[in-house]
Amino acid sequence: MTMGSENNTTRVGFIGIGNMGGPMAANLVRAGFAVTVHDTNPEAAKAFAAEHGGTAAATQAELGAASDIVVTMLPTGQIVRSVLLEGRGLVEDLQPGSLVIDMSSSDPLGTRELGAQLARRGVALIDAPVSGGVPRAIDGSLAIMIGADDPAAVARAVPVLNAMGAKLFETGPLGSGHAMKALNNFVAAAGFAAASEALIVGQDFGLDPSVMIDIMNVSTGRNFSTESTIKSQVLTGDFASGFALALLAKDVKIAADLAEGIGLDVPLMRQTSSQWLMARDAVGGDKDHTEAIKAWEHAAKG
Ligand code: NAD
């Protein structure tokens, strides 16, 4: 994390004070930025300002007027586009020369379209989605994937991003960060699904799931989910990783749609996406993504 008072003059607006946005914006306040926050849930913005400082904006227009750089950390790219462009979109309240950093896990083609529309208004866009989940949002050590067409916009964003992340990667043109993020989450989601199916089969055969995970974690089957979320959320029955099922299902679908859009036949990606969409519909999108195993267990038993 880069701390420092040199950041005091940059006014950063942060939209989407949720599981990830809350701790990320708190790190911006801590780093010395003049932070204004907004959320459609006004309590979230007020509670944030009371706990961390910064200013709670009642409307996105108020936030726009108070920001040189706007960070979006919203559920989907569609919501990011609607915040900026629909009705009296936020773009109306931004000065030409402003920068928008979309840190949500959005769809790459939508991001490119948004970039073109904002550019017509003199507003720059970069995509900078993150990985690491809530724990690394809290300690400011997220991995950040930066897609941008304009190196000057990246240079402006780096001090802001350094306050939230430990590893910054430039992945290529606008939308490439969002493509990378979706592909990463496909790999993570496939790993979770593979470990879940192994547990479902093993348990039915008489193996102890917790012994299975201990064995996998010192064997070649280990992955992020066996080491982290399956151990800490599934085996404990907590199901509270802070990452909603609808959001992970959305990410895997973005990866599968991307593959289809460029004419590639990748059956595992397609199948993984449909498994997660099925789990979302069966268990509920607002549930923690780790609850997907319940849907698959139910389906396996017919
Ligand atoms: P969340 O649902 O906890 O937070 C989203 C926030 O946006 C909510 O507070 C909601 O009220 C607000 N919001 C929704 N529509 C709005 C609008 N039109 N204007 C203003 N505010 C609005 O979601 P999250 O888990 O923080 O995820 C945010 C993004 O980060 C998603 O794209 C997600 O895929 C991605 N992500 C999440 C995680 C994780 O572990 N939770 C990790 C990496 C990336």
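Along the sequence shown, the residues carry numbers beginning at 1. Whatever order the structure lists ligands and atoms in, that order sets their numbers, starting from 1.
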Which heavy atom of the protein is the closest neighbour of [atom], given with residue, atom name and distance?
atom                    : answer
atom 3 (O) of ligand 1  : N19 N, 2.9 Å
atom 16 (C) of ligand 1 : T40 OG1, 3.4 Å
atom 9 (O) of ligand 1  : D39 OD2, 2.6 Å
atom 27 (O) of ligand 1 : L247 CD1, 3.7 Å
atom 4 (O) of ligand 1  : G18 CA, 3.3 Å
atom 44 (C) of ligand 1 : S105 OG, 3.6 Å

*Begin with the C-alpha distance, continue with both residues' side-chain angles, and end with the deciding distance and a verdict on side chain to side chain contact (heavy atoms under 4.5 Å, CB included) for L125 and L174.*
CA-CA 8 Å; L125 174 70; L174 187 67; 4.1 Å; yes
So is [X] close enough to ligand 1, meaning a heavy atom under 4.0 angstrom away?
X    : answer
S131 : no
Q60  : no
P75  : yes
M103 : no

Can you measure from [atom1] ([X]) to [atom2] ([Y]) and round to the nearest 0.5 angstrom?
X    : Y    : atom1 : atom2 : value
L94  : L84  : CG    : CG    : 7.0 Å
R81  : T72  : CZ    : OG1   : 11.5 Å
N185 : D251 : CG    : CG    : 4.5 Å

*Taking D107 for its side chain and G110 for its backbone only, find out whether a donor-acceptor pair lies under 3.5 Å.*
yes
*Is N223 reaching over with its side chain to a backbone N or O of G191, donor-acceptor style, under 3.5 angstrom?*
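The answer is yes, because a donor-acceptor pair under 3.5 Å joins these two groups.
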*ligand 1 versus V83, non-hydrogen atoms closer than 4.0 Å: side chain, backbone, both, neither?*
side chain
*Does A137 approach ligand 1 within less than 4.0 angstrom via side chain, backbone, both or neither, non-hydrogen atoms only?*
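The answer is neither.
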As an exercise, identify every atom of ligand 1 less than 4.0 angstrom from a heavy atom of [X].
X    : value
S104 : 32 (O)
I17  : 9 (O)
I79  : 15 (N), 18 (N)
I15  : 20 (C)
G133 : 40 (O)
K181 : 43 (C)

_Pick from M73, M20, M24: the one approaching atom 30 (O) of ligand 1 most closely through a non-hydrogen atom_ =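 When every heavy atom of M73, M20, M24 is considered, M73 comes closest to atom 30 (O) of ligand 1.
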*F205 and Q203: CA distance, side-chain angles, deciding distance, side chain to side chain contact (heavy atoms under 4.5 Å, CB included) verdict*: CA-CA 5 Å; F205 188 69; Q203 189 169 22; over 6 Å; no
*Is E92 atom CD crowded by more than 12 heavy atoms from other residues, nucleotides or ligands, each under 6.0 Å away?*
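More than 12 heavy atoms, drawn from other residues, nucleotides or ligands, come within 6.0 Å of this atom.
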_Within 45° cone of F239 ring axis and under 6.0 Å: K294 NZ or CZ_ =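 Positive - K294 is close enough to the ring of F239 and near enough to its axis.
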*Side-chain heavy-atom pair M24, M73 within 4.5 angstrom cut-off*: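 Side chain of M24 against side chain of M73, heavy atoms only: contact under 4.5 Å found.
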*ring pair (Phe, Tyr, Trp, His ring centres under 6.0 Å) partners for F243, two or more places apart*: H289
*Is any N or O atom of K250, backbone or side chain, closer than 3.5 Å to an N or O atom of ligand 1?*
yes
*asked:* If you measure every N or O of T76 against every N or O of ligand 1, does any of those distances drop under 3.5 Å?
replied: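 Min N/O separation from ligand 1 is not below 3.5 Å for T76.
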*Geometric class of the W276/W296 ring pair [parallel <30°, tilted 30-60°, perpendicular >60°]*: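 W296 and W276: perpendicular rings.
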*asked:* Show, in sequence, the C-alpha distance, side-chain angles and deciding distance for I254 and H178, and conclude whether the side chain to side chain contact (heavy atoms under 4.5 Å, CB included) test is met.
replied: CA-CA 9 Å; I254 291 172; H178 282 151; over 6 Å; no
